[in-house]
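Notes to accompany the following structure.
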Amino acid sequence: MLDAGDERALSRRMMLKNGGLVASMLMLPGTVSAAMRQGRPESLLPRDFHAPVSRAVPPPARVAARVDVAPPGIEPRLFRRAMAALERHGDRIAKHDRIAIADFSRASSAARFHFVDLHDGKVVSKLVSHGSGSDPDHTGFLQRFSNVDGSNASCEGAFATADYYYGKHGRSQRLTGLDRTNDNALSRAIVVHAAWYANPDIVQTRGMLGRSQGCFAVGEQELSEVFARLGEGRMIYAAKA
């Protein structure tokens with residue numbers, strides 16, 4: 001039989017023992033109750049703890065391989081000027097995988113509208129007309145460029161291909177002039193479109209293509225392919241070598 005004093009002493013010893021046992025259990029992760037593990041009480045997490053967030057890793061950016069040497073059929077100086085323009089206007093041209101070069105130093109009877117794949121250097125060339133104001137005597141050769149409204153002349157420089165629309169020439173593609181020599185292209189409605197006078201049989205019968213009002217006019221059967229090769233956000237560079 002314990003007296004009142006002994007009972008109180010025993011009770012204090014039991015409380016201290018049980019308190020130590022609880023403390024030791026909290027120090028061992030395996031002894032934490034399932035309810036506490038599921039609830040993840042904030043007091044059990046380090047102050048700087050951040051739950052990991054699963055994020056999809058974006059694929060690396062694909063950079064177009066550059067062709068350093070002018071592909072066969074393109075005048076080297078003109079190609080270098082086109083590539084310099086692509087570099088200069090790079091932030092305004094969304095796609096650098098392909099470009100088009102209009103070599104207006106050649107006769108309109110020649111396939112002088114070159115579509116260049118900058119990955120492998122392959123080239124597809126088409127006929128393209130120049131403006132009547134650039135060749136007033138209709139010699140088949142471009143004599144001069146002009147950026148002036150109403151001149152009906154072709155203009156020189158780098159263009160960014162824009163959206164497609166239906167206009168007086170049917171399916172057409174707007175162009176934005178990027179240089180001071182062609183920055184009126186949009187207001188002048190200098191576009192890419194098809195025309196009967198740019199068909200290959202015109203060269204066979206007349207020795208040269210007809211003339212546009214400054215637009216890049218291509219053959220009627222060639223337009224779909226030309227649009228597919230250009231697309232939106234690519235560069236056309238027009239100049240004389």
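Sequence positions, counted from 1, serve as the residue numbers for this chain.
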Closest heavy-atom pair and its distance - A217, A198: O-CB, 3.6 Å
Membership question, hydrophobic clusters at under 4.5 Å side-chain separation (ILVMFWY): are F145 and L175 in the same one? yes
Let me confirm one number: the CD1-CZ distance from I74 to R80, rounded to the nearest 0.5 Å. 12.5 Å
Aromatic contact, F159 with Y237 (centres under 6.0 Å): no
Nearest heavy-atom contact between A238 and F104 is CB-CE1, 3.9 Å
Can you hop from L186 to I236 via hydrophobic side chains spaced under 4.5 Å? no
Is I93 linked to L78 within one hydrophobic cluster, defined over Ile, Leu, Val, Met, Phe, Trp and Tyr using a side-chain heavy-atom separation of less than 4.5 Å? yes
Got a second to check how far D135's CG is from L209's CG, nearest 0.5 Å? 11.0 Å
Indicate yes or no: at least one non-hydrogen side-chain atom of S151 is less than 4.5 angstrom from one of R188. yes
Any side-chain heavy atom of R88 within less than 4.5 Å of one from D179? yes
Are the charged groups of R174 and E232 less than 4.0 angstrom apart, N to O? no
Between D149 and N184, is there a side-chain donor-acceptor contact under 3.5 Å, judged purely by atom types and distance? no
Is the closest side-chain heavy-atom distance between R106 and K240 below 4.5 Å? no
Is it true that D97 and R234 have a side-chain N and a carboxylate O under 4.0 angstrom from each other? yes
Could you state the interatomic distance from CZ (R180) to CG (N147), rounded to the nearest 0.5 Å? 9.5 Å
Nearest non-hydrogen partners of A102 and F216, listed with the distance: CB-CE2, 3.9 Å
When rounded to the nearest 0.5 angstrom, what is the spacing between CZ in F115 and NZ in K126? 7.5 Å
Smallest heavy-atom separation, I101 atom then F79 atom, equals CD1-CD1, 3.9 Å
Does the side chain of R206 come within less than 4.5 Å of S109's, by heavy atoms? no
Interatomic spacing from CG in L127 to CG in N199 - rounded to 0.5 Å: 9.0 Å
T181 side-chain N/O to E156 backbone N/O, donor-acceptor pair under 3.5 Å: yes
Separation between OG1 (T161) and CZ (R229), nearest 0.5 Å, reads 14.5 Å
Find out whether C215 and Q213 are in side-chain contact, i.e. whether some heavy atom of one side chain is under 4.5 Å from a heavy atom of the other. no
Tell me, do V192 and S172 make a side-chain contact under 4.5 Å, heavy atoms counted? no
Do R92 and T176 pass the side chain to side chain donor-acceptor pair (under 3.5 Å) test, and can you show the C-alpha distance, the side-chain angles, and the key distance before you say yes or no? CA-CA 10 Å; R92 301 182 64 186; T176 301; over 6 Å; no
Between I99 and L178, is there a shared hydrophobic cluster once you connect ILVMFWY residues whose side-chain heavy atoms come closer than 4.5 Å? yes
D117 (side chain) donor-acceptor with H119 (main chain) under 3.5 angstrom: yes
Looking only at side-chain N and O atoms, does S154 offer a donor or acceptor that is under 3.5 Å from a partner on H130? no
Intermediate values then yes/no, side-chain contact (heavy atoms from CB on, under 4.5 Å), M208 and H138: CA-CA 9 Å; M208 66 187 77; H138 202 179; 3.4 Å; yes
Is there a donor-acceptor contact under 3.5 Å from the side chain of D103 to the main chain of R112? no
Closest heavy-atom pair and its distance - G210, S129: O-OG, 3.0 Å
Is the side chain of Q143 donor-acceptor paired with the backbone N or O of F141 at a distance under 3.5 Å, no angle test? yes
Distance-minimising heavy-atom pair for A239 and R81: CB-NH2, 3.6 Å
Is it possible for you to say whether L223 and Y164 belong to one hydrophobic cluster, with membership spreading through side-chain heavy-atom contacts below 4.5 Å? yes
Do side-chain atoms of Q173 reach the backbone of L230 as a donor and acceptor pair under 3.5 angstrom? no
Report yes or no: is the cationic atom of R211 (NZ for Lys, CZ for Arg) closer than 6.0 Å to the six-membered ring centre of Y197, at no more than 45° off its axis? no
